[in-house]
Asker: 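Below is one structure. I have some questions about it.
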Amino acid sequence: MEIKAIRGVGDILPKDISKWRFVEETARRIFRLYGFEELRPPIIERTELFLRGMGDETDVVEKQMYTFTDKGGESITLRPEATASVLRAVIEHGLLGEDPVQKLFTMGPMFRYERPQKGRYRQFHQLNVERLGETEPFSDAETLELAYRLAKDLGLRNVTMEVNSLGCEECRENYRKALQEFFGRQAEKLCQDCSRRMHRNPLRVLDCKAVSCREAASGAPVIEDFLCDACREHYGRVVTFLDEMGVTYKKNPNLVRGLDYYTRTTFEITAEGLGSQNAVAGGGRYDNLVKTLGGPDAPGIGFAFGLERIIMLLEEKPKHDRGCYVVVQGDEGVKRYAALLLSDLRKASIPAEAVFGKSFKAQMRRAGKSGCPVCAIIGEDEAKASEVTVKDLRTSDQTKVARVGVLEKIRSMLSDQGENT
């Protein structure tokens, strides 16, 4: 019986890898520009980490975590998001003691049990940025600029950034009371989950996707009317910096995030091509989370991009790493001659591949499908004359080149075609 992948967990096939590499390499390039370093936390953590960090009233904790008891009797969870794991690593290894400002990123799989749908899977991939130790509005604005720059450099269409401030605990307490009073008058419209959340964390109602809850939230109080002077000033300076940086954004007073740890600045990025569920990134400030997880009183801000959604939006990217395909026809001596050429190409950092044992026609067919722009053909005549026939697979032009000059010739042809070798 054929064994298939678990529902909601997919394979990333070779034909799609060029897109994934493009996203990852673009992200790494931009993160370097902003001075961020990579951290790689494990995919499993103690369940307590997410219960404490994400809040027990969130959908993720209530419904979506992959939690199990290991053989030692400890409750373990596959990470549903990266921020808590990154901060746990920062605290455990004392990174803030080494440098009170930490600028970190991570990439990898996350896990949530939810109904699989377009761009949303049970195993999915994110890239995350976490910036710790700064309270200045500039750090918020620069982090948002980084996210916006990444979305643009990935080639996403009609990129839109929405921003809001969720205020501090004092602001939010007053806002919670106003929301509870408002939703108390709309109770019959709320879904079962929101009827319960309304009493403990009414901001979650604003984040609910149920149509009835969206209708109930129409006309709800907005957080901006409840910001204290300090939070209002902070928010104003953030958007002023965004203006100076040339970042296009829209204020959205109803924007909240699905996790409880956010404070002050929050944002979301959308792009054309995903329908109504068009968010590709989001994040915000979390000034109390490091302390909540047992670390020092260190502020932070971060964001996450959903990689599957980005991949769906990308045009096909060129395979920049393709180089030369070697086609061989002849006896063992010819094959040894070809093997030496393959080795020399790779030593010269020119990607090269070949499949011995197939007919000349089959090898040429594989060369044409490989994506390599250049083909090196070696037969009995070439081996005897210490030559190589070099063919441009896009123009079909070919010429014989002396073996001693073939690397220079192939490199020149790849350079002319804009190949990155």
Asker: Using atom types as modelled and distance alone, determine if a side-chain donor or acceptor of Thr270 lies under 3.5 Å from a backbone N or O of Met161.
Answerer: no

Asker: Could you walk me through whether Glu81 and Arg112 satisfy the salt bridge (charged side-chain N to carboxylate O under 4.0 Å, His left out) test, starting with their C-alpha distance in whole Å, then the side-chain angles of each, then the deciding distance to 0.1 Å, before giving a yes or no?
Answerer: CA-CA 9 Å; Glu81 59 103 47; Arg112 296 185 187 180; 5.8 Å; no

Asker: At their closest point, which heavy atom of Phe226 faces which heavy atom of Ala178, and how far apart are they?
Answerer: CZ-CB, 3.5 Å

Asker: Do the non-hydrogen side-chain atoms of Tyr261 and Asn288 ever get within less than 4.5 Å of each other?
Answerer: no

Asker: Which heavy atom of Met110 sits nearest to which heavy atom of Gly108, and what is that distance?
Answerer: CE-O, 3.7 Å

Asker: Do the side-chain N and O atoms of Glu145 and Tyr249 include a donor-acceptor pair separated by under 3.5 angstrom?
Answerer: no

Asker: Answer whether the closest heavy-atom distance between the side chains of Val247 and Leu144 falls below 4.5 Å.
Answerer: no

Asker: Could you give the distance from CZ (Phe68) to OG1 (Thr77), rounded to the nearest 0.5 Å?
Answerer: 7.5 Å

Asker: Please determine whether the number of non-hydrogen atoms from other residues, nucleotides or ligands lying under 6.0 Å from atom CD of Glu188 exceeds 12.
Answerer: yes

Asker: Report yes if the side chains of Ile12 and Ile17 come closer than 4.5 Å at any heavy-atom pair, otherwise no.
Answerer: yes

Asker: So does Arg131 get a backbone contact from the side chain of Glu134, meaning a donor-acceptor N/O pair under 3.5 Å?
Answerer: no

Asker: Quick one: do Glu170 and Arg172 make a salt bridge, cutoff under 4.0 Å?
Answerer: no

Asker: Any heavy-atom pair between the side chains of Cys171 and Arg264 that's under 4.5 Å?
Answerer: no

Asker: Checking Lys251 against Tyr235: charged group under 6.0 Å from the ring centre and within 45 degrees of the axis?
Answerer: yes

Asker: For Thr263 and Glu169, which I'm curious about, is there any donor-acceptor pair between the side chains at under 3.5 Å?
Answerer: no

Asker: Determine, stepwise, if the pair Phe182 / Lys177 fulfils side-chain contact (heavy atoms from CB on, under 4.5 Å).
Answerer: CA-CA 9 Å; Phe182 175 82; Lys177 292 176 181 178; over 6 Å; no

Asker: Indicate yes or no: at least one non-hydrogen side-chain atom of Asp344 is less than 4.5 angstrom from one of Leu407.
Answerer: yes

Asker: Given 3.5 Å as the limit, does a donor-acceptor pair link the side chain of Gln363 with the main chain of Val328, or not?
Answerer: yes

Asker: Hey, are the side chains of Val374 and Arg394 touching, using non-hydrogen atoms and a 4.5 Å cut-off?
Answerer: no

Asker: Do Lys103 and Glu37 meet the salt-bridge criterion of a basic N to acidic O distance under 4.0 Å?
Answerer: no

Asker: Which atom names give the shortest non-hydrogen contact between Leu39 and Thr106, and what distance separates them?
Answerer: O-OG1, 2.8 Å

Asker: Using a distance-only test with no angle check, is there a side-chain donor-acceptor pair under 3.5 angstrom linking Ser85 and Glu45?
Answerer: yes

Asker: For residues Ser212 and Cys191, report the shortest heavy-atom separation together with the two atoms involved.
Answerer: OG-N, 4.3 Å

Asker: Salt bridge between Arg28 and Glu38, side-chain N to carboxylate O under 4.0 Å?
Answerer: yes

Asker: So that I can tick it off, tell me whether Arg176 and Glu173 are bridged by a salt bridge, with the cut-off set at under 4.0 angstrom between side-chain N and carboxylate O.
Answerer: yes

Asker: When you check the gap from the basic side-chain N to the acidic O, do Asp153 and Arg29 get nearer than 4.0 Å?
Answerer: yes

Asker: Measure centre to centre between the rings of Tyr66 and Tyr113, then say whether the value is under 6.0 Å.
Answerer: yes

Asker: Given 3.5 Å as the limit, does a donor-acceptor pair link the side chain of Thr143 with the main chain of Ser139, or not?
Answerer: yes

Asker: Is there side-chain contact between Pro299 and Arg285, with at least one heavy-atom pair below 4.5 Å?
Answerer: yes

Asker: For side-chain contact (heavy atoms from CB on, under 4.5 Å), just list the numbers for Ile310 and Leu313, CA-CA rounded to whole Å, side-chain angles, deciding distance to a tenth of an Å, and then say yes or no.
Answerer: CA-CA 5 Å; Ile310 293 174; Leu313 295 173; 5.8 Å; no

Asker: Which distance, rounded to the nearest 0.5 Å, do you find between the CG of Leu345 and the CZ of Arg411?
Answerer: 9.0 Å

Asker: Is it true that Arg88 and Glu92 make a salt bridge, defined as a side-chain N closer than 4.0 Å to a carboxylate O?
Answerer: yes

Asker: Please report the closest heavy-atom contact between Leu150 and Ala27, naming both atoms and the distance.
Answerer: CD1-CA, 3.8 Å

Asker: Roughly how far apart are Leu166 CG and Glu224 CD, rounded to 0.5 Å?
Answerer: 11.5 Å

Asker: Ignoring hydrogens, what is the shortest heavy-atom contact between Phe124 and Glu308? Give both atom names and the distance.
Answerer: CA-OE2, 3.5 Å

Asker: Considering only heavy atoms from C-beta outward, does the side chain of Ile223 approach that of Pro253 to under 4.5 Å?
Answerer: no

Asker: Just verifying a value: how many Å separate Thr160 OG1 and Asn278 CG, rounded to the nearest 0.5 Å?
Answerer: 8.0 Å

Asker: Would you say Asp11's side chain and Leu13's backbone share a donor-acceptor pair under 3.5 angstrom?
Answerer: no

